[in-house]
Amino acid sequence: MAVQPVIPREVDELEEIWEWIESFDAVVEHGGRDLASKILQEIRNRALACGVPVPFTANTPYVNTIHVSQQAPFAGDQEIERKIKSLVRWNALAMVVRANRVEHNIGGHISTFGSVATLFEVGFNHFFRARSKDFEGDTVYLQGHAAPGVYARAFLEGRLSAQQLENFRRELKPGGGLSSYPHPWLMPEFWEFPTVSMGLSPIMAIYQARFNRYLEDRGLKPKTDAKVWAFLGDGETDEPETLGAITLASREHLDNLIFVVNCNLQRLDGPVRGNGHIIQELEAAFRGAGWNCIKVIWGSDWDPLFEQDVDGLLAKRLGETVDGEYQKFIVESGAYVRQHVFGGDPRLMKMAEHLSDEELHKMRHGGHDPKKVYAAYKAAVEHTGSPTVILARTIKGYGLGEAGEGRNVTHQQKKVDEDTLRHFGERFGLKIREDQIEQVSFYRPSDSSPEIKYMQECRKKLGGYVPQRRVRSKPLPAHEENLFTEFLTGSEGREVSTTMAFVGMLRKMLRDPEIGKLIVPIVPDEARTFGMESLFRLVGIYSSQGQLYEPVDMNTLLYYKEAKDGQILEEGITEAGSLSSFIAAGSAYATHGINMIPFFIFYSMFGLQRVADLIWAAADTRCRGFLLGGTAGRTTLAGEGLQHQDGNSHVLALPIPTLHAYDPAFAYEIATIIEDGIDRMYRKGESIFYYITVMNEPYAMPAMPAGSREGILKGMYKLRAANNGKSKQRAQLFGSGAILREVLKAQELLEEKYGVAADVWSVTSYKALYSDGIETDRWNLLHPGEKPRVPYVSETLADAPGVLVAASDYLKALPNLVSKWMPRRVASLGTDGFGRSESRDSLRNFFEVDARFIALATLRELLSEGKIQASVVQQAIKDLAIDVKKPDPLTS
Ligand SMILES: Cc1ncc(C[n+]2csc(CCOP(=O)(O)OP(=O)(O)O)c2C)c(N)n1
Ligand SMILES: [Mg+2]
């Protein structure tokens with residue numbers, strides 16, 4: 001076995017060092033690499049014990065991690081795989097070029113796939129196992145901008161038609177089309193995970209791998225060697241989400257996780273690290289975090305050079321070359337490479353003298369060499385004890401030649417001229433007719449061609465096609481009995497918060513024989529904040545290690561119990577990580593065929609505001625489950641100031657199409673929403689999920705009024721009619737969540753002091769009312785000859801007399817959203833502006849949402865309607881002690 005020294009001989013001045021190196025070489029030669037590694041470790045410990053400083057470096061030289069002598073042999077037919085890859089490349093290119101010929105500016109990317117093609121193809125032909133009846137399959141997150149290559153392959157596999165390819169990025173065309181990027185929502189039988197918002201797929205992959213272990217440790221699925229693969233761009237690693245959770249993966253020993261970073265050294269605008277080394281930077285980060293790191297930098301063409309590099313001179317020179325320069329080598333000639341890589345030292349020049357300029361220019365990078373890639377993948381799947389990252393050096397725009405290869409503009413290249421197409425065809429040895437090249441026609445050889453047969457055979461061996469999305473879970477059986485009956489009858493005067501009520505419901509669900517085991521409580525270090533610590537003991541906190549220590553509170557009833565089969569995912573302070581767990585759990589009905597029901601509870605301000613893009617990704621993934629925004633409301637979370645007080649989240653929930661958002665005030669409302677949500681998602685199979693805000697203000701929970709169920713779910717119902725209905729002054733008051741009780745107080749105030757008869761409505765969901773309103777408007781728009789439909793808000797308020805006033809702990813925008821369907825204009829009270837660290841009463845005064853302001857707004861509306869005199873309102877301002885000079889919360 002040839003051993004390559006890593007210390008350049010030129011820095012060695014002492015013969016003694018060489019004696020050591022020779023002894024070490026002998027150990028490697030005769031005792032093996034494992035023994036050599038142990039000796040090094042012991043010597044290192046010894047040095048530290050003797051006070052000898054040991055220089056720290058997380059990097060290895062700029063060479064392949066797997067020495068050629070250690071490389072697993074390629075297990076396929078390289079020639080035919082090359083042909084298949086060329087066909088995939090051609091069709092991917094054709095798809096993008098054709099799409100842009102037909103529709104100017106439709107966009108599309110070819111250069112990303114150009115770089116990642118070999119990395120994908122080796123995976124498709126040899127590694128990615130499909131989900132089947134007998135095996136859960138590997139989970140593969142594919143670099144989103146490389147989607148054309150995935151479609152092109154599926155076309156060759158016979159899974160997508162030429163018509164679909166023709167309609168790339170034009171899903172609305174007859175016969176359907178293909179979405180620009182992986183979209184499970186738009187292509188629910190194809191894509192499993194949306195990956196194009198940079199940084200989300202790596203963090204989702206990490207938590208997916210951990211969730212797979214969770215399911216195994218809890219006995220919900222058999223232990224398998226299924227892998228989670230995530231392909232990402234090197235530019236993408238700048239997103240904090242990409243690297244933000246990598247220590248979780250190593251801490252949890254997730255050897256079921258493999259990252260492949262497509263290191264083409266470029267991002268959209270230019271080099272990722274022109275003046276540095278992205279591969280080395282990532283190696284240090286991943287190795288430092290405890291990952292198994294495999295660098296695949298150089299192709300097989302380089303092996304003979306490294307074989308000669310006994311002094312490590314070449315490795316040293318390559319390590320000094322910055323990425324910007326490497327990029328230049330791609331666009332320059334072989335002579336330029338010779339001069340700049342080998343030119344500085346006669347010994348290096350000699351090494352390359354047998355290579356022509358042409359040969360030098362063509363020297364392949366590791367990520368374009370199937371042999372190197374195969375060996376790296378094989379090592380990765382066989383590695384145990386930690387996750388693996390493969391850093392594969394590639395060329396952006398590979399195959400586009402002067403039109404794009406390695407150019408800074410390549411990312412957005414989508415139109416290519418005929419010369420480039422011809423060059424492309426020649427370069428990849430495509431046997432396509434001239435006219436097909438000119439027309440950029442799709443090309444698929446017959447089913448009986450060796451290429452198609454080979455690729456089908458490979459996929460058959462791996463259990464079927466990838467990617468492919470199938471919902472394999474059976475819906476839970478219909479259920480008559482209400483799980484939450486006890487929450488519908490009120491708390492009999494006992495003061496509880498809606499958070500406490502929710503925790504009671506969670507406890508009930510956890511104990512339920514049918515759904516108990518399916519519940520996944522997720523918390524980002526806030527369980528105590530939400531009074532959930534009793535669940536620690538009840539179901540345990542999941543820990544793959546069990547509990548290796550005696551917790552300090554062992555002798556208490558509610559001790560911090562970690563267990564291998566624990567049910568709670570206590571994620572620590574990471575909303576992004578928790579959301580990723582939520583997505584893994586909420587999509588398990590498809591990924592694993594198990595109807596897991598996640599409940600992720602978090603500070604409501606740190607949810608939609610902080611990780612909305614992941615929530616969007618959850619929607620796109622067709623995720624199911626419940627998000628609970630805890631300690632919600634701008635004026636309800638007293639004492640926390642502007643960072644924690646949330647008056648926004650219900651507005652931020654509006655854009656997410658499948659998210660049903662509720663702001664309930666009472667336990668029975670929450671119980672009704674959750675019961676119905678489980679029914680819709682897990683018994684009826686709707687791909688929706690829920691956002692429910694819960695508060696920490698304790699008050700007595702009333703019993704559920706008869707007939708209110710439908711209204712609770714649809715967004716509003718009449719909670720308490722006026723006692724003095726005969727009064728001439730009438731009003732309708734709308735209250736939500738935390739502010740509903742202020743509205744009830746205002747109702748009394750108005751009756752007692754001003755003789756106004758006000759009905760009170762609980763508005764549980766402005767989003768639901770809004771969605772119903774716009775759906776109804778749309779139907780009416782498109783059906784002019786038919787009897788118009790009436791939005792729920794209009795129908796419900798048709799006979800409601802008097803002025804309209806709405807108040808919530810959220811922005812005034814919410815009631816305004818639905819005002820157009822109300823019989824008259826609505827006066828909105830809400831909490832626009834920055835919060836304050838104050839008491840509840842002061843906050844409600846400051847934001848003008850307490851009972852006094854609700855009463856005032858009602859009187860003001862009556863004045864506008866000419867029902868009362870201005871003097872009555874002026875007097876009310878005095879009586880209610882309202883400071884008209886107080887600062888405007890919106891701007892102060
Ligand atoms: C969150 C987010 N920001 C920006 C973009 C736009 N964008 C798409 S691809 C890209 C560059 C990607 O570079 P890299 O990750 O290196 O992938 P490559 O195409 O080079 O393989 C950018 C900025 C995005 N998709 N997501
Ligand atoms: Mg890149």
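What you see is a predicted model; the values in this text were computed from it and never measured. When a ligand or atom number is given, it counts from 1 through the structure's own listing order. Along the sequence shown, residues carry numbers from 1.
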Colleague: Would the F128 and W229 ring centres measure less than 6.0 Å apart?
Modeller: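 Yes.
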Colleague: Identify the protein atoms, limited to N or O, that lie within less than 3.5 Å of an N or O atom of ligand 1, and list each pair with its distance to 0.1 Å.
Modeller:
unit_1	atom_1	unit_2	atom_2	d
ligand 1	15 (O)	G235	N	3.4
ligand 1	15 (O)	E236	N	2.9
ligand 1	16 (O)	D234	OD1	2.8
ligand 1	16 (O)	G235	N	2.8
ligand 1	16 (O)	Q266	O	2.9
ligand 1	17 (O)	Q143	NE2	3.2
ligand 1	19 (O)	T112	OG1	2.6
ligand 1	19 (O)	K396	NZ	2.8
ligand 1	20 (O)	N264	OD1	3.2
ligand 1	20 (O)	N264	ND2	3.0
ligand 1	20 (O)	Q266	O	2.9
ligand 1	20 (O)	K396	NZ	2.7
ligand 1	21 (O)	Q143	NE2	2.7
ligand 1	21 (O)	N262	ND2	3.4
ligand 1	21 (O)	N264	ND2	3.1
ligand 1	25 (N)	V196	O	3.0
ligand 1	26 (N)	M198	N	3.1

Colleague: Can the positive tip of R427 be found less than 6.0 Å from the middle of the six-membered ring of Y398, inside 45° of the ring normal?
Modeller: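 Here R427 passes the 6.0 Å and 45° test against Y398.
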Colleague: Tell me, please, whether F424 has R89 positioned over its six-membered ring: NZ or CZ under 6.0 Å from the ring centre and within 45 degrees of its axis?
Modeller: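 No cation-pi geometry.
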Colleague: Would you say Q266 reaches the Mg ion (ligand 2) with an N/O/S atom under 2.8 Å?
Modeller: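 Yes, Q266 qualifies, because one of its backbone or side-chain N, O or S atoms lies under 2.8 Å.
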Colleague: Tell me whether D234 has at least one N, O or S atom under 2.8 Å from the Mg ion (ligand 2).
Modeller: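 D234 does place an N, O or S atom closer than 2.8 Å to the Mg ion (ligand 2).
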Colleague: Given the side-chain rings of F190 and H183, with only the six-membered ring counted for Trp, is the space between their centroids under 6.0 Å?
Modeller: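 No, the ring centres sit 6.0 Å or more apart.
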Colleague: Would the number of heavy atoms belonging to other residues, nucleotides or ligands and lying under 6.0 Å from NZ of K414 be above 12?
Modeller: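 Enclosed.
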Colleague: Should R159 and Y151 count as side-chain neighbours, where that means a heavy-atom distance under 4.5 Å?
Modeller: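 No. Closest side-chain heavy atoms not under 4.5 Å.
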Colleague: I'd like to know if the Mg ion (ligand 2) has an N/O/S atom from N262 within less than 2.8 Å of it, counting both backbone and side-chain atoms.
Modeller: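 No, outside the cut-off.
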Colleague: Check whether NZ of the Lys or CZ of the Arg R622 lies under 6.0 Å from the centre of the six-membered ring of W185 and within 45 degrees of that ring's axis.
Modeller: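 Here R622 passes the 6.0 Å and 45° test against W185.
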